[in-house]
2 protein chains.
Amino acid sequence: MFMHSKSEGSYVPATRVVRATKTSPLCENLSALFRKFPAERHYQPQNTILLHGDTADAVYRVISGTVRCCTIDEDGGRQIFSFQKKGDFIGMSDVDAWHFTAEAVDHVIVQSVPRASLEQELAMNFTLRMEMRYLINRLLIKREHQILSLISHKAPQRLLNFLREFATTRSSSGFTVLPMCRRDIADHLGMTTETTSRAFGVLKNSGAIEMTTPDKYRLLD
Amino acid sequence: MFMHSKSEGSYVPATRVVRATKTSPLCENLSALFRKFPAERHYQPQNTILLHGDTADAVYRVISGTVRCCTIDEDGGRQIFSFQKKGDFIGMSDVDAWHFTAEAVDHVIVQSVPRASLEQELAMNFTLRMEMRYLINRLLIKREHQILSLISHKAPQRLLNFLREFATTRSSSGFTVLPMCRRDIADHLGMTTETTSRAFGVLKNSGAIEMTTPDKYRLLD
DNA sequence: CGGTACGTTGATCGTGATCAAGGGAAGTGG
DNA sequence: CCACTTCCCTTGATCACGATCAACGTACCG
C-alpha cells in the first residue's frame, strides 16, 4: 500500500524552493541594442527558431510567446533546458555555433541582433559587457539549481517548483496558462508524461494547486 | 529475479558517451595573467578554499591536487558540480559573490589573481575577454550535459562516463588514481555511496574497468 | 467521420534509496 | 603493543518512486 494519499494537505511543500534567481536584471545597454534592430520575426507553433550546430550569427529576444530551448541526445531523448518568454534573451552565451535548438511553443515573435553588431558594441561598451556577464552567470547558476533539483527533489516537488517559477514570470495574479503540452513539461523536468500527469494529480489532491483545465492552474497555500 | 547479471560483457557501454568537451583551450592571455601572480597557496585535505556567499575577490588556478566545487542545499544534500585539477580555473564566472564552495580533496596548491587585477586586464584585453567567454560557455555546456546525463543514463553508465572523462584529464596511460572518496563521487553523480559502490561492481563484472584497489582503476575495451 | 494528438488512469516492473550489517585500514590512548 | 574508535568500502534485504506498457476519453482537423 504505497499509493499517493488522496487526503488533503498531505503533500509537504515549500521550505526548499529553489532560491529564486533575483528579479531579472535591467540590461539597459542590451535592450538599447535590440531597439536598434526593431524588425520582428514570427514563428508558428513547433517551428525551429535556431538549430543546434548552426552558426550563431545572431542573438534573440522574445517579444511574445514561449520558446523552448532544448537538446536531443543520440537516443532520441530530449531535454528542455528552459522556456523563454517575453523579454528573455536567447543565444547570448554561444560564441560560434549554437549548442542547443530553440523552437516556438506557441505563436512566437522575436527580435534579433546580428552577431557582428553585438560584437562591435561589446568591444566598445563596458556596461554591455558586464550585463552579458551577469546574464550568463545567472544562466549557469540556474543550470546548477536544475541539477540540484533533479537530484534532491521528487517529481511532484519539481513540478511545483516549476509551476511557481513559471507563475512569477507569467501571470501577475490569479490563474496561469501553460502554453506547452505535458510532453514539454516532462522533458523539462526529466520525467515521462505519465509521471507529469500524476504529479499534477498529487499537487491538486494535496491542495497545492487548483486547476480548471489541463492548461490553467493557480497556486494555493 | 532482477539482480545484476554477473556474466562477462553484459553491460552495454559506449555509443552514448557525453560528447566530450574539446581539448582544453589554451587561454594564453589568462595564463599570462596568472604568471604575474606566482604566489602559491596550500590547502590540506577537506579545507575550504572559497566559501559560497563570500565576496568573489579573486580567481584561482589549480597548480596541483584536486578541488571539489559544490553547493549544499537546505536539507543538507550536497551536489559536487565538478572536480578541478591541475591547470583548471576556478571562479571565473562569478561577478560579485561565490555561488558555490570550493574545497581541497587532497593536498592542493593554487595560484590566485585578485579580482581587481583581472577586471583591469579584462577592460583592456580583447583576447582575454574572448578566452573568458569561451571558458564560461564551455562551463555552461558542461552543466547541460550533466543534466542530460542525469536524466537519460543509469547509475553504472554515469559512473563510466565520469571515469572516462576523469581518466582523460588525469592519467596519460595505465591506471588512474581516484583522489576522492565514494561519497564525493556519489555526490557528483547524484546517487548514494551504496549505489556508487554497486555501480563499480557492475562495471568490473561487465569488463568495462579493472581495479586493483578501490581508488585505482583502468579502462578496458 | 475516421485519424491523430493530448491528457489521464491503471497495472506491473526495475532502478536505486534506505536500512542494516560487517570487514579493513588508520589513528588514538591505555 | 593492543584495545578502541572511526572512517571508508562493500554487500544484503526491502521498499518507494517513477518508467513502461496498455487502455480510454476528448478535442481538433482534414
Side-chain angles (χ1 to χ4, degrees), chain A residues 1-6 10-12 44-46 75-79 105-106 149-160 163 177-206 209 211-217, chain B residues 1-6 10-12 44-46 75-79 105-106 149-160 163 177-206 209 211-217:
Chain A
M1 174 51 182
F2 43 84
M3 270 305 294
H4 305 304
S5 164
K6 296 274 181 182
S10 66
Y11 186 64
V12 312
Q44 297 306 313
Q46 317 307 325
D75 307 317
R78 185 180 61 155
Q79 163 63 14
V105 170
D106 46 13
S149 180
L150 273 175
I151 286 174
S152 51
H153 297 326
K154 309 281 177 206
Q157 181 70 57
R158 294 214 298 275
L159 178 59
L160 184 56
L163 294 177
V177 174
L178 289 167
M180 76 292 286
C181 65
R182 291 287 183 272
R183 168 127 298 281
D184 284 345
I185 297 176
D187 287 344
H188 180 54
L189 300 177
M191 47 205 198
T192 59
T193 55
E194 294 95 328
T195 299
T196 305
S197 188
R198 280 184 252 266
F200 268 110
V202 172
L203 296 180
K204 279 188 284 187
N205 289 326
S206 68
I209 62 169
M211 299 190 81
T212 48
T213 62
D215 64 346
K216 258 173 78 177
Y217 71 97
Chain B
M1 176 53 183
F2 44 81
M3 271 306 295
H4 305 305
S5 163
K6 296 276 181 182
S10 64
Y11 185 65
V12 312
Q44 296 307 313
Q46 317 306 325
D75 308 317
R78 184 180 62 155
Q79 164 62 14
V105 170
D106 45 13
S149 180
L150 273 176
I151 287 174
S152 51
H153 296 328
K154 309 282 178 205
Q157 182 71 59
R158 294 214 299 277
L159 179 60
L160 184 56
L163 293 177
V177 174
L178 290 167
M180 76 292 287
C181 66
R182 291 288 184 273
R183 167 128 298 281
D184 284 345
I185 297 175
D187 287 345
H188 180 55
L189 300 178
M191 46 203 199
T192 59
T193 55
E194 294 95 328
T195 299
T196 306
S197 188
R198 280 185 251 267
F200 268 109
V202 172
L203 296 181
K204 278 187 285 187
N205 289 326
S206 68
I209 62 168
M211 298 189 82
T212 48
T213 62
D215 64 346
K216 259 174 81 177
Y217 71 96

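By convention in this document, chain letters (A, B, ...) are assigned in the order of the sequence lines, proteins followed by strands, and residues within each chain are numbered from 1. Please read all numbers here as calculations on a predicted model, not as lab measurements.
Nucleotide dG16(C) holds its C1' atom 18 Å from the CE atom of Met191(A), rounded to whole Å. Nucleotide dG7(C) holds its P atom 16 Å from the NZ atom of Lys216(A), rounded to whole Å. Rounded to an integer number of Å, the gap from His153(B) NE2 to dG16(C) P is 12 Å. Rounded to whole Å, atom P of dA17(C) lies 10 Å from atom CD1 of Ile151(A). Across the protein-nucleic acid pair, Met211(A) atom CE and dT8(C) atom C1' stand 12 Å apart, rounded to whole Å. Rounded to whole Å, the distance from CZ on Phe200(B) to P on dT11(D) is 12 Å. Taking atom NZ of Lys154(B) as the reference point, atom P of dC17(D) lies 17 Å away to the nearest angstrom. Rounded to whole Å, the distance from CG on Leu159(A) to P on dC17(D) is 16 Å.
Of the candidates dG16(C), dT11(D), dT20(D), the closest approach to any side-chain atom of Arg198(B) belongs to dT11(D). Residue Cys181(B) places its side chain closer to dC9(D) than to any other of dC19(C), dC9(D), dG18(D). In the set dA20(C), dG10(C), dG16(C), dG10(C) carries the atom at the smallest distance from any side-chain atom of Glu194(A). Distances from the side chain of Arg182(B) to the nucleotides dT10(D), dG7(C), dT15(C) place dT10(D) closest.
A side-chain donor-acceptor contact under 3.5 Å links Tyr217(A) to the backbone of Leu163(A).
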Practice task
Check the pair Met191(B) / Arg158(B) against side chain to side chain contact (heavy atoms under 4.5 Å, CB included), numbers first and verdict last.
Solution key: CA-CA 10 Å; Met191(B) 46 203 199; Arg158(B) 294 214 299 277; 3.8 Å; yes

Handout entry: Derivation and outcome, side chain to side chain contact (heavy atoms under 4.5 Å, CB included), residues Thr196(B) and Leu189(B)
Key = CA-CA 9 Å; Thr196(B) 306; Leu189(B) 300 178; 5.6 Å; no

Problem - Chi angles and distances behind the side chain to side chain contact (heavy atoms under 4.5 Å, CB included) call for Leu160(B), Ile209(B) - result: CA-CA 8 Å; Leu160(B) 184 56; Ile209(B) 62 168; 4.2 Å; yes

Practice task
Walk me through it: do Asp184(B) and His188(B) pass the test side chain to side chain contact (heavy atoms under 4.5 Å, CB included)?
Solution key: CA-CA 6 Å; Asp184(B) 284 345; His188(B) 180 55; over 6 Å; no

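Residue Thr195(B) has a polar side-chain atom (N or O) positioned under 4.0 Å from OP1 or OP2 of dA17(C). Taking only side-chain nitrogens and oxygens, Thr192(B) comes nearer than 4.0 Å to OP1 or OP2 of dA17(C). Considering only side-chain N and O atoms, Ser197(A) lies under 4.0 angstrom from the phosphate OP1 or OP2 of dT8(C).
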